[in-house]
S.K.: 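Right, I'll just put the structure down here and ask away after.
Whatever order the structure lists them in is the order used to number ligands and atoms, beginning at 1. Treat the numbers as computed from the prediction; the structure is a model and nothing was measured.
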Amino acid sequence: MSQVILPKFNSEDLKNQILKASTLLKEGNLVVIPTETVYGIAADATNSDAVNKIFKLKGRPSNNPLICHVSNLDQMIDCVNLTQRSQYKDLINKLSVFWPGPLTVVVPKDSKISSIVSAGGDTVGVRIPNHPITLQLISDSGLVLAAPSANKSNYISPTLAKHVIDEFKELTPFLIDGGECEKGLESTVLSIENIDNPVILRPGVITASSIEKVLGVPVKYLLAYSDKTLKSPGLLSSHYAPKTPLYLLADTDLYGLAFTNIGLIAFKEGLHPEFDFAAIEVLSDNSNPTKVAKNLYSAMRKLDNLNLDAIIVDSLPEHGIGIAIMDRLRRASKSQ
Ligand code: TXA
Ligand code: MG
């Protein structure tokens with residue numbers, strides 16, 4: 001694991017916020033936490049009543065499990081079922097090059113994690129997020145934090161504190177503003193339930209090939225969702241959608257659309273200068289996938305607030321981070 005350096009928070013205010021958040025969480029309340037991927041709504045993962053509050057606030061179906069956030073490898077290994085723990089140590093140690101960072105591993109669940117977190121299942125997703133405030137909060141509180149993205153079920157994940165407040169308004173739990181999320185896309189979810197056959201259930205900025213290099217075994221994307229397996233309900237095709245119909249530029253005849261009020265999310269400069277878009281968001285100069293990932297959700301929320309008839313989105317080649325970006329866009333779009 002790359003060394004976690006916890007900053008000395010000079011700001012009294014921030015120290016007090018972390019202390020308050022820690023107290024609230026221990027008392028079974030929710031707290032909105034910043035991470036490097038997206039903001040999360042956190043609760044003590046061992047407290048079923050607290051975890052239930054997350055499902056209620058988000059309107060999340062109870063069959064969609066939450067991922068857990070820990071601050072170090074020992075705490076992660078403690079989330080693995082006691083009887084299988086020793087089998088997983090090696091694999092988790094190998095993967096530790098990615099932590100703290102945007103990789104969630106799905107492992108057999110230890111009994112101390114509430115079964116509400118795992119939606120009644122035997123496995124749990126765990127990661128070490130790379131945000132100094134949240135790492136400090138987890139280590140000060142000593143808690144494992146169950147935290148889904150801090151949006152209402154099926155809406156776009158938040159990458160700014162403002163997104164969370166805009167959506168939940170006066171129902172927003174105590175929130176620590178940690179600035180703009182550095183990555184902007186939810187973590188890669190890797191199932192290692194079958195120890196010899198790791199599979200990616202949700203693509204993210206950590207790719208199959210980078211995990212293959214570390215593990216030395218093939219890592220497949222398992223992106224098709226099936227009711228029977230219910231591998232990862234987050235892979236339901238209708239996920240992450242804005243309210244405004246969204247279409248992929250690659251699949252759309254711009255001039256055939258029966259709309260007048262169209263917004264464009266472009267990944268590079270100079271896309272369709274001849275077309276009279278009502279609003280344009282350019283996410284990077286030249287289709288830089290890292291920048292596109294960081295700015296995508298903010299742009300989707302912004303255009304979704306403009307009462308447009310349609311939002312048209314650019315595409316990226318489907319390799320590396322492009323796989324995760326196109327996966328999110330397909331789920332959000334009407335083009336499929
Ligand atoms: O980057 C992230 O992962 C963010 C931040 C807050 O950490 N969290 C996040 O959580 O995106 P959420 O709940 O919005 O998405 C978690 C995804 C869902 O698709 C869920 O179905 C899947 O992970 N998942 C969680 N536990 C699982 C499990 N035990 N087995 C299979 N899939 C699981
Ligand atoms: Mg989510």
Side-chain angles (χ1 to χ4, degrees), residues 30-43 45 51 54-55 57-70 79-81 98-110 113-131 133-135 137-138 144-159 163-164 167 176 178 181-194 198-206 222-223 225-226 229-241 293 297 324 327-328 331-332:
L30 306 184
V31 168
V32 177
I33 54 168
T35 84
E36 81 284 27
T37 58
V38 300
Y39 275 79
I41 306 179
V51 174
I54 300 180
F55 282 87
L57 183 65
K58 278 182 64 90
R60 183 173 175 116
S62 58
N63 67 351
N64 192 358
L66 309 180
I67 65 173
C68 288
H69 299 69
V70 295
C79 293
V80 180
N81 185 303
F98 297 111
W99 292 307
L103 176 70
T104 297
V105 282
V106 173
V107 293
K109 181 183 84 66
D110 189 66
I113 305 290
S114 162
S115 58
I116 311 288
V117 170
S118 62
D122 300 333
T123 60
V124 65
V126 193
R127 79 181 192 98
I128 306 176
N130 192 13
H131 196 294
I133 293 175
T134 292
L135 285 172
L137 172 61
I138 298 169
V144 174
L145 297 184
S149 52
N151 51 278
K152 291 193 184 152
S153 195
N154 291 336
Y155 198 55
I156 305 158
S157 294
T159 55
H163 294 158
V164 184
E167 206 174 336
I176 306 184
C181 300
E182 182 202 333
K183 302 290 182 198
L185 273 192
E186 305 87 346
S187 60
T188 304
V189 178
L190 176 75
S191 173
I192 51 174
E193 191 185 351
N194 179 343
V199 285
I200 290 181
L201 305 178
R202 179 175 70 183
V205 300
I206 293 178
L222 188 90
L223 302 184
Y225 174 76
S226 129
T229 58
L230 203 75
K231 269 294 174 204
S232 194
L235 302 177
L236 275 165
S237 63
S238 67
H239 230 66
Y240 313 109
Y297 288 159
D327 164 77
R328 304 303 194 276
R331 288 176 209 298

S.K.: When you measure from the Mg ion (ligand 2) to the N, O or S atoms of S149, does any of those distances fall below 2.8 Å?
M.R.: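 Checking S149: at least one N, O or S atom is under 2.8 Å.
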S.K.: Quick one: do I33 and I133 satisfy side-chain contact (heavy atoms from CB on, under 4.5 Å)? Show the steps, please.
M.R.: CA-CA 8 Å; I33 54 168; I133 293 175; over 6 Å; no
S.K.: Considering only heavy atoms of E186, which atoms of ligand 1 have at least one such atom less than 4.0 Å away?
M.R.: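 Once the distances to E186 are compared, the set is 1 (O), 11 (O).
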S.K.: Any N/O of S187 closer than 3.5 Å to an N/O of ligand 1?
M.R.: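 So ligand 1 has an N or O lying under 3.5 Å from an N or O of S187.
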S.K.: Taking 4.0 angstrom as the limit and counting only heavy atoms of S149, give me the atoms of ligand 1 inside it, by number and element.
M.R.: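 Contacts of ligand 1 toward S149, numbered from 1: 8 (N), 9 (C), 10 (O), 12 (P), 14 (O).
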S.K.: Rounded to the nearest 0.5 Å, how far does NE2 of H69 lie from CD1 of I128?
M.R.: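 So the CD1 of I128 and the NE2 of H69 are separated by 11.0 Å.
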S.K.: Has Y39 got a side-chain atom pairing as donor or acceptor with C181's backbone, closer than 3.5 angstrom?
M.R.: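 Looks like no, no N/O pair under 3.5 Å.
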S.K.: Quick one: CH2 on W99 to CD1 on I206, what's the gap to the nearest 0.5 Å?
M.R.: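 The CD1 atom of I206 is 8.5 Å from CH2 of W99, to the nearest 0.5 Å.
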S.K.: Does N64 approach ligand 1 within less than 4.0 angstrom via side chain, backbone, both or neither, non-hydrogen atoms only?
M.R.: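 Side chain only.
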S.K.: Pairing donors with acceptors under 3.5 angstrom, does anything connect the side chains of T104 and S187?
M.R.: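 Their side chains do contain a donor-acceptor pair, which is all the 3.5 Å distance test asks for.
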S.K.: Which of these, A42, P65, G125, has its nearest heavy atom closest to atom 24 (N) of ligand 1?
M.R.: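 Minimum heavy-atom distance to atom 24 (N) of ligand 1 goes to P65.
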S.K.: Spell out, as yes or no, whether a donor-acceptor pair under 3.5 Å connects the side chain of E167 to the backbone of N151.
M.R.: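 Such a contact is absent between E167 side chain and N151 backbone.
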S.K.: Below 3.5 angstrom, do we get any N/O pair linking R60 and ligand 1?
M.R.: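 The answer is yes, given that R60 and ligand 1 share an N or O pair closer than 3.5 Å.
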S.K.: Which of the atoms in ligand 1, numbered in the order shown and given with their element, are less than 4.0 Å from a heavy-atom of H69?
M.R.: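 With H69 as reference, the close atoms of ligand 1 come out as 5 (C), 6 (C), 7 (O).
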S.K.: Please state which part of V38 comes within less than 4.0 Å of ligand 1, counting heavy atoms only: side chain, backbone, both or neither.
M.R.: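 Looking at V38 and ligand 1, atoms from backbone and side chain both fall under 4.0 Å.
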S.K.: For K109 and N81, what are the C-alpha separation, side-chain angles and deciding distance, and is it a side-chain contact (heavy atoms from CB on, under 4.5 Å)?
M.R.: CA-CA 5 Å; K109 181 183 84 66; N81 185 303; over 6 Å; no
S.K.: For the OG1 atom of T37 and the CD1 atom of I67, what is their distance to the nearest 0.5 Å?
M.R.: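 One finds 7.0 Å between OG1 of T37 and CD1 of I67.
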S.K.: Look only at interatomic distance and state if R202 has a nitrogen or oxygen under 3.5 Å from any nitrogen or oxygen of ligand 1.
M.R.: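 Yes; the residue has a nitrogen or oxygen that sits under 3.5 Å from a nitrogen or oxygen of the ligand.
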S.K.: Can you list the ligand 1 atoms lying under 4.0 Å from a non-hydrogen atom of L66?
M.R.: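 Every atom of ligand 1 under 4.0 Å from some heavy atom of L66: 26 (N).
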S.K.: Looking at ligand 1, would K109 count as a contact under a 4.0 Å heavy-atom criterion?
M.R.: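 Heavy atoms of K109 never come under 4.0 Å of ligand 1.
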S.K.: Looking at ligand 1, does any of its N/O atoms fall within less than 3.5 Å of an N/O of T123?
M.R.: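 Among all N and O atoms of T123, at least one is under 3.5 Å from an N or O of ligand 1.
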S.K.: Do any N/O atoms on T37 end up under 3.5 angstrom from N/O atoms on ligand 1?
M.R.: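 Yes: some nitrogen or oxygen of T37 is under 3.5 Å from one in ligand 1.
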S.K.: Ion pair present between R127 and E186, side-chain N to carboxylate O less than 4.0 angstrom?
M.R.: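 Salt bridge: no.
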S.K.: Between L66 and R60, does the side-chain contact (heavy atoms from CB on, under 4.5 Å) criterion hold? Intermediate values first, please.
M.R.: CA-CA 10 Å; L66 309 180; R60 183 173 175 116; 3.4 Å; yes
S.K.: Which of the numbered atoms in ligand 1 are under 4.0 angstrom from any heavy atom belonging to G40?
M.R.: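 Heavy-atom distances to G40 below 4.0 Å select 6 (C).
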